[in-house]
Undergrad: 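Have a look at this one.
Side chains are part of it too, since the values below use all heavy atoms of this structure and drop only hydrogens, waters and symmetry mates. Letters A, B, ... are given to chains in the order of the sequence lines, protein chains preceding strands, and every chain is numbered from 1. Here the structure is a predicted model, which is why all the values come from computation and not from measurement.
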Number of protein chains: 2
Amino acid sequence: MTKVIPMRERILDATAELLVEHGTQASMSKIASRAEVATGSLYNHFESKDVLIRAVYERLAEQVTALLVEGDDPSATPEQRLDRYIDNYIDFIWNDPSRAILFEYLSNVPLLPARDLIQSFRGSSDYIAEILQDLRASGWLMDAEPFLMGGFIGGAIRNTLKWQRTYDRPLTDADRQQIKTMCLQSLRRME
Amino acid sequence: MTKVIPMRERILDATAELLVEHGTQASMSKIASRAEVATGSLYNHFESKDVLIRAVYERLAEQVTALLVEGDDPSATPEQRLDRYIDNYIDFIWNDPSRAILFEYLSNVPLLPARDLIQSFRGSSDYIAEILQDLRASGWLMDAEPFLMGGFIGGAIRNTLKWQRTYDRPLTDADRQQIKTMCLQSLRRME
DNA sequence: GTGACAACTGAATGAAGGTTCATTCACTGA
DNA sequence: TCAGTGAATGAACCTTCATTCAGTTGTCAC
């Protein structure tokens, strides 16, 4: 039953959907009817459209951070932790296409300055930076800024899967393995 | 002197600027005044706002394709050609930040379906796919879809440089070399 | 039941934005 | 010199939209 979902959540869900369909041009009245709520009610929960959109992004950022860290075992080897991180990243992008599109869109909208956005992901970027730091200490990793490497594999995964999605291609186990291998190789120290 | 730039170009330039600043919410009247042109004149050159924005993207796609292929020598080895492609890609993203932001934004705006967008880049994606095909034949490359690999390094470069830009970090020669190495390693066949 | 309080509703409002079109005017060719 | 042309103009039009608020509904205490 729909009614058990709290109104605030319903509003955020509807906004997320309409942002994917129409971008920030999505009107408040359309958001309201998608959420099966009166337009005025939007303002009981969010001060303005701007605040509402930011809230969507913040909720998304929390979900993403949680997903990327999911199943992590801090006592595992850095290799294993990196491996799981990459798997989680692929799942995050692939399992929910409209979430991935929303993420990509909001990350590039002028309304939300890039500076603020990256700030929302401090959690997950610090997390991967730490793992990479450990790997570097063990000599496994190439000698580069963890910061730079984190951006590299994240962008690589997102864009590869975006193309795959856009062309309605499946993601086979072989494809997934391929992507993982490419990520790992790119970071590896070579003689 | 400003006046020698044809009106159509002035309009496209102004639109590009305002898209970066305000996204598709940029109003036609603001575009007109930025271009030092009457609002009505916009409609002498472009049927609608929608068409205008598409035209901006198309012009951008042409510029990008030209830049990526720039300086290519078809008789060079595939390794050299790939090397140059990566250099060109880095230059394209780094040399003109607002162009890079515009590119990233328009690539993710719901107004322009992803399908159409990738279509606009057929030229450059076929180009890199061809080079990768050659490299694969020579055994240098790993055994993966050129399509997948093209998406991988493109996304990787764009995202790495986006973070770098967002944090006002410079792009040193060492950074550039690092990124190149990561791209090449990710594609390399390993024992 | 009744009163008090909060949450919700959706029509009303005024501002803003995309598009149109009657008019202007620099230029052309006769 | 002058009629003809069509690009350029920008005020006006109409729609859409974010936001407001007076009224309604639901809830809980007593």
Side-chain angles (χ1 to χ4, degrees), chain A residues 1-60 102 105-106 108-113 116, chain B residues 1-60 102 105-106 108-113 116:
Chain A
M1 200 171 181
T2 313
K3 302 290 160 176
V4 297
I5 301 173
M7 184 180 283
R8 190 188 147 90
E9 290 303 304
R10 288 218 310 282
I11 294 172
L12 288 171
D13 290 343
T15 307
E17 280 178 34
L18 286 165
L19 281 174
V20 169
E21 292 169 30
H22 304 118
T24 53
Q25 317 250 6
S27 72
M28 292 299 264
S29 59
K30 286 206 179 100
I31 290 171
S33 52
R34 179 72 63 100
E36 292 177 351
V37 142
T39 50
S41 298
L42 301 180
Y43 291 87
N44 292 333
H45 294 270
F46 305 96
E47 202 180 276
S48 67
K49 187 179 179 181
D50 197 281
V51 168
L52 171 56
I53 294 174
R54 278 174 211 279
V56 169
Y57 193 76
E58 251 134 63
R59 189 179 64 155
L60 183 62
L102 178 66
Y105 173 63
L106 289 179
N108 287 291
V109 117
L111 181 66
L112 312 171
D116 295 2
Chain B
M1 203 172 181
T2 313
K3 302 290 160 178
V4 297
I5 301 173
M7 184 181 283
R8 191 188 146 89
E9 290 304 307
R10 287 219 311 281
I11 294 172
L12 288 171
D13 290 342
T15 307
E17 280 179 32
L18 285 165
L19 281 174
V20 170
E21 290 170 30
H22 303 117
T24 54
Q25 318 250 10
S27 74
M28 291 299 264
S29 56
K30 285 208 180 99
I31 291 171
S33 53
R34 179 74 61 100
E36 292 177 350
V37 143
T39 49
S41 299
L42 301 180
Y43 291 87
N44 292 334
H45 295 270
F46 306 94
E47 201 179 275
S48 67
K49 187 178 179 182
D50 198 282
V51 169
L52 170 57
I53 293 174
R54 279 175 211 280
V56 169
Y57 193 77
E58 251 133 62
R59 190 179 63 156
L60 184 61
L102 178 66
Y105 173 65
L106 289 179
N108 287 291
V109 116
L111 181 66
L112 312 172
D116 296 1

Undergrad: Looking at every heavy atom in both B/Ile11 and B/Ala35, which two are closest together, and how far apart are they?
TA: CA-CB, 4.1 Å
Undergrad: Starting at atom CD of A/Glu36, determine the distance to atom P of C/dC8, rounded to an integer number of angstrom.
TA: 15 Å
Undergrad: Kindly state which residues belonging to residues 14-34 of chain A come within less than 4.0 angstrom of DNA chain D, counting heavy atoms of the residue only, listed by number.
TA: A/Ala26, A/Ser27, A/Met28
Undergrad: In whole angstroms, how far is the C1' atom of C/dA7 from the CG atom of A/Leu42?
TA: 14 Å
Undergrad: Residues in ring pair (Phe, Tyr, Trp, His ring centres under 6.0 Å) with B/Tyr57, at least two apart?
TA: B/Phe121
Undergrad: What's the shortest heavy-atom distance between B/Ser48 and B/Met28, and which atoms?
TA: C-CE, 4.5 Å
Undergrad: In whole angstroms, how far is the P atom of C/dG18 from the CG atom of B/Asn44?
TA: 17 Å
Undergrad: What's the shortest heavy-atom distance between A/Arg8 and A/His45, and which atoms?
TA: CB-ND1, 3.9 Å
Undergrad: B/Phe46 and B/Ala55: which non-hydrogen atoms are nearest, and at how many Å?
TA: CE2-CB, 3.6 Å
Undergrad: Given atom CG of B/Leu52 and atom P of C/dG18, what is their separation to the nearest angstrom?
TA: 10 Å
Undergrad: Could A/Arg34 and A/Glu21 be called an ion pair, given the rule that one side-chain N must be under 4.0 Å from one carboxylate O?
TA: yes
Undergrad: Counting N and O atoms only, with roles assigned by atom type, does the side chain of B/Lys49 sit under 3.5 Å from a partner on the main chain of B/Ser27, one being a donor and the other an acceptor?
TA: no
Undergrad: With nearest nucleotides of DNA chain D determined for A/Lys49 and B/Ala38 from heavy-atom distances, which residue corresponds to the more 5′ nucleotide?
TA: B/Ala38
Undergrad: When the distance from CE of B/Met7 to P of C/dA26 is rounded to whole Å, what number comes out?
TA: 14 Å
Undergrad: A side-chain contact here means heavy atoms from C-beta on lying under 4.5 Å apart; do A/Asp116 and A/Arg54 qualify?
TA: yes
Undergrad: Taking heavy atoms of chain B and a 4.0 Å limit, find me the 5'-most and 3'-most nucleotide of DNA chain D within that range.
TA: D/dA8 to D/dA11
